[in-house]
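Everything below concerns the one structure shown next.
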Amino acid sequence: MIANTRKSTPIIMISAVTYLIIGCHSPSKPEPDSDEKRSNMHVVRVAIDDPFWSPKLSRWQTVTVNDVFDKFEGKYTPEGTSLEKDFKIMGGTRNAFLNFDLVAQGKRGIGKHHGPPWYDGLIYETIRGTSDLLAQKRDSVLEARIDGYVDRIAAAQASEKDGYINTYTQLMEPGHRWGFNGGFLRWQHEVYNAGMLVEAGVHYYKATGKTKLLTVATKFANLMYNELGPAPKKNVVPAHSGPEEALIKLYQLYRSEPDLKKKVDIAVNEKNILTWPPSGLRIAESTRASRCGDSGEMKNRKSGSVK
């Protein structure tokens, strides 16, 4: 059975637990970079060899991660009202990766999307959590699986000249980018999904040295800088803290590794990354209802269904 809400994805818990473990096993030797002294030690700098945690990390990497990816590919038995309803409508299970394929094919506004709007973000979070496990122990088979997903994500982004990617909006509400023109930003989850894409790109690069997903993430971050902010840009405030933290990580990555800019297939100005969301920016009360919607609008939307 696949989880029906984004908070119940197992890999998110794994990533959090891994983070806690690492916090307890960080080496005591100080680092020369002052920024790193003030930040958490990244998993690539830590080795875990513990009779309690090591077997669990191995099981998460060999069993749990693949099970989560399998479910995102639609390999599960639908149980529960929402999943059973989708199964009847589609004649099959949700395959979240098909959303990227449909977008890559140029499909827009087709009224069909596998899963709720935040499925993109859950896939990115799974890649991010898996990256932290790969940082502890490289696995060529698992990396090859993720690389295949990255190719599909990059192909979807390439179908938009400006680098925009949010499969729910593209397939269901292409005229409502960022919740404008009658859209509902918090439902569409564009900013959340964007932040989790950045998280995945940064963590997968740090674990493997591969830059394709990082390039996708950076291109989307550039788009956010170009489109979002004070007038005349679009006044968009993130409804989730994840994107803000992710953009700081992206900034820190390029600042600490300036030569990395030459390896990604996109222009990089890390200072721009920190200019959105601008400090103190707030949505005016007069536009809050139309921009964010209300409980009545939420009830009218089909939560997680494929039409």
Side-chain angles (χ1 to χ4, degrees), residues 1-14 64-130 145-146 148-149 152-153 155-157 159 164-177 179 182-194 196-197 200 239-240 242 293-307:
M1 175 180 175
I2 190 168
N4 193 34
T5 62
R6 61 187 176 90
K7 293 183 178 179
S8 55
T9 307
I11 197 66
I12 301 173
M13 179 183 69
I14 293 172
T64 306
V65 165
N66 286 293
D67 181 64
V68 173
F69 281 134
D70 283 347
K71 286 180 168 61
F72 275 126
E73 290 182 359
K75 300 172 183 176
Y76 63 90
T77 300
E79 298 177 4
T81 303
S82 180
L83 293 177
E84 291 172 358
K85 180 180 179 181
D86 279 0
F87 186 84
K88 292 179 181 179
I89 294 174
M90 292 186 294
T93 55
R94 297 174 179 175
N95 185 334
F97 292 102
L98 290 181
N99 293 326
F100 295 103
D101 298 339
L102 290 169
V103 170
Q105 295 165 16
K107 305 294 184 181
R108 299 294 185 274
I110 63 174
K112 178 179 181 180
H113 184 268
H114 289 254
W118 48 85
Y119 259 28
D120 290 8
L122 292 188
I123 289 173
Y124 302 146
E125 287 203 64
T126 305
I127 294 175
R128 186 262 194 194
T130 305
R145 183 173 190 175
I146 294 176
Y149 297 147
R152 296 163 78 174
I153 294 167
Q157 185 187 57
S159 69
Y164 176 89
I165 179 172
N166 193 65
T167 65
Y168 174 83
T169 301
Q170 290 165 303
L171 297 176
M172 300 293 289
E173 307 181 44
H176 295 162
R177 278 196 187 189
F184 188 9
L185 177 62
R186 285 187 287 118
W187 169 251
Q188 293 166 222
H189 275 68
E190 282 158 302
V191 180
Y192 160 75
N193 290 340
M196 298 310 99
L197 172 59
H240 195 289
D294 55 27
S295 59
E297 181 179 358
M298 186 66 181
K299 291 177 181 178
N300 290 331
R301 291 179 178 261
K302 304 296 183 181
S303 176
S305 65
V306 177
K307 302 178 181 178

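None of the values given here were measured: they were computed from a predicted structure. FYI, side chains are in, hydrogens and waters are out, and symmetry mates aren't considered; it's all heavy atoms of this structure.
- The closest donor-acceptor contact from the side chain of D86 to the backbone of L83 lies at 3.5 Å or more, if one exists at all.
- Heavy atoms only, all atoms of each residue included: L197 and Y124 are closest at N-CD1, 3.4 Å.
- Side chain of D101 to backbone of R152: no donor-acceptor contact under 3.5 angstrom is found.
- Residues R145 and N66 bring a donor and an acceptor atom of their side chains to less than 3.5 Å of each other.
- With rounding to the nearest 0.5 Å, the separation of NE2 in H176 from CE in M172 is 11.5 Å.
- When each of Y119, Y168, W118 is checked for a ring-ring contact (aromatic ring centres under 6.0 Å, His included) with H113, only Y168 meets the rule.
- Minimum heavy-atom separation, V65 to T130: CG1-OG1, 3.4 Å.
- Residues A156 and I165 approach most closely at CB-CD1, 3.9 Å, considering heavy atoms.
- For S159, the side chain to side chain donor-acceptor pair (under 3.5 Å) partners two or more places apart in sequence, or in a different chain, are R108.
- The backbone N or O of N95 lies less than 3.5 Å from a partner atom in the side chain of H114, making a donor-acceptor pair.
- Minimum heavy-atom separation, Y76 to P78: O-CD, 3.6 Å.
- In this structure, CD on Q170 lies 9.0 Å from CD on E190, to the nearest 0.5 angstrom.
- With hydrogens and angles disregarded, a donor-acceptor distance shorter than 3.5 Å links the side chain of H189 to the backbone of W187.
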Residues T167, L102; criterion side chain to side chain contact (heavy atoms under 4.5 Å, CB included); working and verdict = CA-CA 9 Å; T167 65; L102 290 169; over 6 Å; no
Assess whether side chain to side chain contact (heavy atoms under 4.5 Å, CB included) is satisfied between I153 and F97, documenting all intermediate values.
CA-CA 8 Å; I153 294 167; F97 292 102; 5.6 Å; no
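- Listed for the N193 side chain is a donor-acceptor partner under 3.5 Å among the backbone atoms of P117.
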